[in-house]
A.B. asks: 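Handing you a structure now.
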Amino acid sequence: MLYKEPAPIKDRENPFESMMSRFNIAAEVLGLDEEVYNVLKTPTRQVIVNVPVTMDDGKVRVFEGYRVIHSTILGPSKGGIRFAPDVFLDEVKALAAWMTWKCAVVDIPYGGAKGGIICDPYAMSAGEMERLTRAYTQALIDIFGPDQDIPAPDMGTGPREMAWLMDEYSKTKGSTVHAVVTGKPLVLGGSLGRVEATGRGVMVSAMAAMEKLGMNPAKSTAVVQGFGNVGAWAAKLMAERGVKILGVSDVSGAYWNDNGIDIEEAIEYKNNNNGRLEGYKNAEKISNDDLLIAKVDVLVPAAVEDVITIKNVDQIQARLIVEGANGPTSYKADNVINEKGIMVVPDILANSGGVTVSYFEWVQNRMGFKWTLDRVNGRAERIMHESFERVYAASQKYNVPMRIAAYIVAIDKVAMTYKYRGGF
Ligand SMILES: NC(=O)C1=CN([C@@H]2O[C@H](COP(=O)(O)OP(=O)(O)OC[C@H]3O[C@@H](n4cnc5c(N)ncnc54)[C@H](O)[C@@H]3O)[C@@H](O)[C@H]2O)C=CC1
Ligand SMILES: O=C(O)CCC(=O)C(=O)O
């Protein structure tokens, strides 16, 4: 029996359809070649695996896992692995396509992929997680590779799982292959700055957007949904630039303080509390729904897909949304957002700092050389700034919102690559 059935698709908006609807608009604006459109609308490869794992109670449980490779036209495919109870194939397909667009937006030489396993990482022991990660790696041993497909962390995974993946892959291949995965612990060839890279990119995007909107960070307020790797780092780095973070949330609920949440303290609390804010005292508990519609200047969704939807978009009060998560806004909410004049820094731009530093990690692994933190952060921030300006310029040129502009920039690069490579 599977650990848990995926949530029925009818209860959720379909992230792949959300992705395609934006892709369609951008493709039309660009006048994308029909052949290229047809290649890109479907992933290159979709693998479903069922991996048996011996649990701590001695029983064997079978877990369903996925690896979807959307495109390899720009280079080896790249993208994280999500461990979550409700991950499903169409979600992984959307996440894989977003990786293609993201890598193209920041102009790094990767295609897009994503993986997932239906499991609850918070309910499993370290031993069970290790056996699951190793079994998944074995099931995909011919897919992964430093020149083929390079995984990284996503929701529910981090450096620990990447270390197991690298070890399992290396043992099978007979030599240590650092570059098969990024987001590894430093001691195994991880890069300085990777852990905080996605949150740092969110902060850089937020600052760039605030400048365009004439907002002063030191006089601005924000809420951050999701207090994991991306949300906690984004909150911390934005607070360091003077933004008052009035509320944060995770699966346990949302936490609000009129004077601003002490982010360092909240992170310490979470780290000592099995990764959760549950029971956090120096704030008022509010509902996750109320956090999203709170009266603040900036909203940073950094948890899951489809949290800004047709159901709540009317009530959103923020002037600026910076998407730390992948796909947090359903496509049906786009029109209302645009009518309200809210600026959105879309996921494929705002959270691209993570894959950018993953690229640096891969480069360092292949050079056998380590960069300093200043070099990593300096280069990543430069890429984020340049990418932001590229997307902003496209939004002005085509008179479209930033999200469609980001797709235009990405699709244009992919289409140009097809033009030169040919082959079909
Ligand atoms: N880790 C990375 O480098 C990157 C992650 N992302 C995206 O950022 C998002 C978050 O990823 P991570 O921070 O890595 O995951 P994580 O597993 O470290 O943290 C996820 C956080 O979201 C919270 N959460 C889950 N469901 C929620 C809900 N319904 N309401 C409020 N909070 C909820 C969890 O409690 C946790 O605090 C995902 O969409 C992921 O795909 C995007 C780019 C890179
Ligand atoms: O760091 C990477 O390679 C990919 C991170 C990721 O999964 C994402 O950007 O959504």
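We count ligands from 1, going down the list as the structure has it; atoms in each ligand are counted the same way.
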A.B. asks: Measuring from non-hydrogen atoms of Lys270 to any atom of ligand 1, is the shortest distance under 4.0 Å?
C.D. replies: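 The answer is no, since Lys270 has no heavy atom less than 4.0 Å from ligand 1.
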A.B. asks: Which of the atoms of ligand 1 are close to Ala302, meaning less than 4.0 Å from one of its heavy atoms?
C.D. replies: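 Here the atoms of ligand 1 in question are 9 (C), 10 (C).
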A.B. asks: Search all heavy atoms of Val355 against all heavy atoms of Cys103 and return the closest pair with its distance.
C.D. replies: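 Here Val355 and Cys103 meet closest at CG2-SG, 4.0 Å.
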A.B. asks: Please list the nearest protein heavy atom to atom 1 (N) of ligand 1 with its residue and the distance rounded to 0.1 Å.
C.D. replies: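 Here the nearest protein heavy atom works out to Asn229 OD1, 3.6 Å.
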A.B. asks: Report yes or no: does Arg82 have a heavy atom closer than 4.0 Å to ligand 1?
C.D. replies: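 Checking ligand 1 against Arg82, which is what was asked, there is a heavy-atom contact under 4.0 Å.
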A.B. asks: Are any of the N/O atoms in Asp154 less than 3.5 Å from those in ligand 1?
C.D. replies: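 So ligand 1 has an N or O lying under 3.5 Å from an N or O of Asp154.
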A.B. asks: Checking the N or O distance criterion of under 3.5 Å, is ligand 1 in contact with Arg276?
C.D. replies: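 No: no nitrogen or oxygen of Arg276 is under 3.5 Å from one in ligand 1.
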A.B. asks: What about Asn326: any of its N or O atoms under 3.5 Å from an N or O on ligand 1?
C.D. replies: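 It does: an N or O of Asn326 is found under 3.5 Å from an N or O of ligand 1.
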A.B. asks: With a 4.0 Å cut-off on N to O distance, would you call Lys41 and Glu17 a salt bridge?
C.D. replies: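 No salt bridge links Lys41 with Glu17.
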A.B. asks: Measuring from each atom of ligand 2, which residues have a heavy atom under 4.0 Å away?
C.D. replies: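 Around ligand 2, where the cutoff is 4.0 Å for heavy atoms, the contacting residues are Lys78, Gly79, Gly80, Met99, Lys102, Lys114, Ala152, Pro153, Asp154, Thr182, Arg194, Asn326, Gly354, Val355, Ser358.
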A.B. asks: Does a salt bridge link Lys114 with Asp149, judged by any charged N lying under 4.0 Å from a carboxylate O?
C.D. replies: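 Between Asp149 and Lys114 there is no salt bridge, as every charged N stays at least 4.0 Å from the carboxylate O atoms.
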A.B. asks: Measuring from Ser220:OG to Met215:CE, what's the distance to the nearest 0.5 Å?
C.D. replies: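 These two atoms lie 4.0 Å from each other.
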A.B. asks: Could you check whether Tyr66 and Phe88 have their ring centres less than 6.0 Å apart?
C.D. replies: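 So the answer is no for these two rings.
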A.B. asks: For Tyr255, what residues pass the ring-ring contact (aromatic ring centres under 6.0 Å, His included) criterion, not counting sequence neighbours?
C.D. replies: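 Tyr255 satisfies ring-ring contact (aromatic ring centres under 6.0 Å, His included) with no other residue.
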A.B. asks: Please check whether Gly156 reaches ligand 1 - meaning an N/O of the residue sits under 3.5 Å from an N/O of the ligand, judged on distance alone.
C.D. replies: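 N/O-N/O distance under 3.5 Å: yes.
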A.B. asks: Is the closest N or O pair between Asn351 and ligand 1 shorter than 3.5 Å?
C.D. replies: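 Such a contact does not occur with ligand 1.
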A.B. asks: If you round to the nearest 0.5 Å, how far is NE2 of His70 from CE of Met19?
C.D. replies: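 The NE2 atom of His70 is 5.5 Å from CE of Met19, to the nearest 0.5 Å.
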A.B. asks: Could an N or O of ligand 1 be found under 3.5 Å from any N or O of Ser249, whether backbone or side chain?
C.D. replies: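 Not met; the criterion fails.
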A.B. asks: So does Asp250 pair up with Arg276, basic N to acidic O under 4.0 Å?
C.D. replies: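 Salt bridge between Asp250 and Arg276, a charged N being under 4.0 Å from a carboxylate O: no.
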A.B. asks: Using a heavy-atom cut-off of under 4.0 Å, does the side chain or the backbone of Glu323 touch ligand 1, or both, or neither?
C.D. replies: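 Under 4.0 Å from ligand 1, Glu323 contributes no heavy atoms.
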A.B. asks: Listed by chain and number, what are the side chain to side chain donor-acceptor pair (under 3.5 Å) partners of Glu381, not counting sequence neighbours?
C.D. replies: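 Listed in chain order: Arg200.
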A.B. asks: Does the N or O separation between Ala325 and ligand 1 drop below 3.5 Å for any pair?
C.D. replies: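 No; every N/O pair is 3.5 Å or more apart.
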A.B. asks: Using a 4.0 Å heavy-atom cut-off, which part of Ser352 comes near ligand 1: side chain, backbone, both, or neither?
C.D. replies: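 Within the 4.0 Å criterion, Ser352 makes no contact with ligand 1.
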A.B. asks: Specify side chain, backbone, both or neither for Glu305, according to which of its non-hydrogen atoms lie closer than 4.0 Å to ligand 1.
C.D. replies: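 For Glu305, there is no contact with ligand 1 at all, from either part.
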A.B. asks: Is there any N or O on Val251 that sits under 3.5 Å from an N or O of ligand 1?
C.D. replies: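 Looking only at distances, the answer is yes, because the N/O contact criterion of under 3.5 Å is met.
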A.B. asks: Between Asn326 and Asp347, do the side chains contain a donor N or O and an acceptor N or O under 3.5 Å apart?
C.D. replies: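 There is no such pair (donor and acceptor under 3.5 Å, judged by atom type) between the side chains of Asp347 and Asn326.
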A.B. asks: Among all protein heavy atoms in this structure, tell me which lies nearest to atom 29 (N) of ligand 1, with the distance rounded to 0.1 Å.
C.D. replies: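 Going atom by atom, the protein heavy atom closest to atom 29 (N) of ligand 1 ends up being Val304 CG2, 3.9 Å.
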A.B. asks: Around atom CD of Glu265, are there more than 12 heavy atoms of other residues, nucleotides or ligands at under 6.0 Å?
C.D. replies: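 Yes, because the 6.0 Å sphere around CD of Glu265 holds more than 12 heavy atoms from other groups.
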A.B. asks: What residue and heavy atom of the protein are closest to atom 13 (O) of ligand 1, and at what distance?
C.D. replies: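 Protein heavy atom with the smallest distance to atom 13 (O) of ligand 1: Val230 N, 2.9 Å.
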A.B. asks: Got a sec, which residues hit side chain to side chain donor-acceptor pair (under 3.5 Å) with Arg160, two or more places apart in sequence or on another chain?
C.D. replies: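 None.
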A.B. asks: Pairs of nitrogen or oxygen atoms closer than 3.5 Å, one from Gly228 and one from ligand 1: do any exist?
C.D. replies: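 N/O-N/O distance below 3.5 Å exists for this pair.
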A.B. asks: Nearest to atom 11 (O) of ligand 1, what protein heavy atom do you find, and at what distance?
C.D. replies: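 Ranking protein heavy atoms by distance from atom 11 (O) of ligand 1, first comes Met155 CG, 3.4 Å.
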A.B. asks: Backbone N or O of Leu165 within a donor-acceptor pair of the Glu168 side chain at under 3.5 Å?
C.D. replies: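 Such a contact is absent between Glu168 side chain and Leu165 backbone.
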A.B. asks: May I ask you to check whether Ala303 has an N/O atom sitting below 3.5 Å from an N/O atom of ligand 1?
C.D. replies: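 Yes, Ala303 has an N/O under 3.5 Å of an N/O on ligand 1.
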A.B. asks: Given side-chain contact (heavy atoms from CB on, under 4.5 Å), test Lys184 with Arg194 step by step and report yes or no.
C.D. replies: CA-CA 9 Å; Lys184 301 179 289 293; Arg194 174 60 186 91; over 6 Å; no
A.B. asks: Tell me whether Arg22 forms a cation-pi arrangement with Trp101, defined as NZ or CZ under 6.0 Å from the six-membered ring centre and within 45 degrees of its axis.
C.D. replies: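 Ring-cation test returns no.
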A.B. asks: Tell me: protein heavy atom nearest atom 3 (O) of ligand 1, and distance?
C.D. replies: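 Here the nearest protein heavy atom works out to Thr198 OG1, 2.8 Å.
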A.B. asks: Centre of Tyr359's six-membered ring, under 6.0 Å away, within 45 degrees of the axis: is that where NZ or CZ of Lys78 sits?
C.D. replies: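 The answer is no; the distance or angle limit is not met.
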